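Single-structure report; data block below.
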Amino acid sequence: MNSDDLVLRRADDSDAPAMADVWLRSFASALPTVRRAHDDDAVRDWFSYVVVKQYENWVAVAENRVVGLLVLDDGDLEQLYLDPSWRGRGLGDRFMELAKRQRPNGLGLWTFQVNESAQRFYERHGFVAVGRTDGLRNEEREPDVRYVWQPQE
């Protein structure tokens, strides 16, 4: 299967468990050195009772299975996670195109400093690092980077 077999659609409440599972698998794969602030059950509850209720959510579905998620909040890209088996197959690019269409006036996001592959991905998509922190303000206590994207005039 390739990325042409995917459907990107708005998520609904029933997608929350699958979204949480993708988040958990992706976080474990991409960020093995980052301390998770919450256990698996808390992450699942957060998706069910907060994420799908309060944010604009999109999922990528292949063979009736959620393989990626995009979460937008006002002008921020809050979450972009892919099932590890879908990394490097163009799905992240498709989600980024979608995010920019949904937020044509610009986007901001945070990523951990140790996540160099995410930084390369965002920079490739026109995001610019505008600040770094020591991580004391996030739950993981992990140094992070603020990125912004502004459309070309």
Side-chain angles (χ1 to χ4, degrees), residues 3 6-12 15-16 18-38 42-62 66-153:
S3 60
L6 287 176
V7 173
L8 300 184
R9 64 166 172 77
R10 288 294 293 263
D12 60 36
D15 293 309
M19 292 170 69
D21 288 343
V22 167
W23 189 97
L24 289 164
R25 284 192 305 276
S26 181
F27 195 100
S29 174
L31 301 166
T33 63
V34 175
R35 179 188 76 84
R36 277 199 13 230
H38 304 282
V43 169
R44 288 183 179 100
D45 286 346
W46 175 63
F47 269 91
S48 292
Y49 301 112
V50 177
V51 175
V52 298
K53 305 284 187 201
Q54 296 181 12
Y55 302 112
E56 178 181 336
N57 299 278
W58 295 82
V59 290
V61 178
V66 172
V67 297
L69 62 106
L70 170 70
V71 179
L72 301 170
D73 178 32
D74 295 326
D76 273 358
L77 190 160
E78 290 290 329
Q79 308 287 327
L80 175 55
Y81 283 88
L82 309 179
D83 187 274
S85 68
W86 279 85
R87 288 189 67 197
R89 296 170 65 178
L91 177 53
D93 297 332
R94 289 180 63 181
F95 268 136
M96 188 55 62
E97 292 168 10
L98 173 62
K100 288 179 176 180
R101 278 195 312 271
Q102 294 299 112
R103 301 295 187 275
N105 295 324
L107 281 166
L109 63 89
W110 290 96
T111 192
F112 296 120
Q113 290 182 30
V114 298
N115 196 349
E116 293 175 357
S117 64
Q119 292 176 55
R120 286 190 302 273
F121 172 80
Y122 293 124
E123 290 168 4
R124 187 166 43 96
H125 284 279
F127 284 77
V128 176
V130 296
R132 296 180 179 273
T133 78
D134 57 11
L136 294 179
R137 295 179 61 188
N138 65 51
E139 292 181 306
E140 295 80 6
R141 300 293 182 248
E142 184 72 33
D144 52 10
V145 184
R146 178 72 175 168
Y147 277 92
V148 294
W149 166 76
Q150 293 296 318
Q152 299 296 325
E153 299 281 328

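In this text, all values refer to a predicted model and were calculated from it rather than measured experimentally. Here, residue 1 is the first one in the sequence, and each next residue gets the next number.
The distance from the CZ atom of F95 to the CG atom of L72 is 10.0 Å, given to the nearest 0.5 Å. Atoms CZ and CZ, from R35 and R141 in turn, are 7.5 Å apart once rounded to the nearest 0.5 Å. Here CG of L77 is found 10.5 Å from NZ of K100. Values are rounded to the nearest 0.5 Å. If you take CD on E78 and CG on L107, they are separated by 10.5 Å, rounding to the nearest 0.5 Å. In this structure, F121 CZ and N115 CG are separated by 11.0 Å, a value rounded to the nearest 0.5 Å. Taking CD of E142 as the reference point, atom CG of D134 lies at 11.0 Å (rounded to 0.5 Å).
In this structure, the side chains of N138 and W110 stay at 4.5 Å or more apart for every pair of heavy atoms. Between F47 and L69, the closest side-chain pair of non-hydrogen atoms falls below 4.5 Å. Here the side chains of D83 and L91 are not in contact, with every heavy-atom distance at 4.5 Å or above. No side-chain heavy atom of V145 sits under 4.5 Å from any side-chain heavy atom of Y122. Looking at Q79 and V51, their side chains never come closer than 4.5 Å, going by heavy atoms from C-beta outward. Looking at V59 and N57, their side chains never come closer than 4.5 Å, going by heavy atoms from C-beta outward. Side chains of Q54 and D73 form no contact here, defined as non-hydrogen atoms less than 4.5 Å apart. No side-chain heavy atom of M96 sits less than 4.5 Å from a side-chain heavy atom of D93.
Looking at every heavy atom in both residues, R36 comes nearest to H38 through NH2-O, 2.9 Å. Closest approach of L70 and L80 over heavy atoms only: CD1-CD1, 4.3 Å. Between E139 and A37 the shortest heavy-atom distance is CB-CB, 3.5 Å.
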Handout entry: salt bridge (charged side-chain N to carboxylate O under 4.0 Å, His left out) between D144 and R137, worked out
Key = CA-CA 10 Å; D144 52 10; R137 295 179 61 188; over 6 Å; no
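The aromatic rings of F127 and Y147 lie perpendicular to each other, with more than 60° between the two planes, well past the 30° mark. Under the 30°/60° scheme for interplanar angles, the aromatic rings of W23 and F27 are found to lie parallel.
Looking at D74 and R103, no side-chain N of the basic residue comes within less than 4.0 Å of a carboxylate O on the acidic one, giving no salt bridge. Between R10 and D15, none of the side-chain N atoms (NZ, or NE/NH1/NH2) sits under 4.0 Å from a carboxylate O, so this pair counts as no salt bridge.
With R87 as reference, S117 is the one residue of S29, S26, S117 to meet the side-chain hydrogen bond (donor to acceptor under 3.5 Å, both in side chains) rule.
Surrounding CZ of R44 are more than 12 heavy atoms belonging to other residues, nucleotides or ligands, all under 6.0 Å away.
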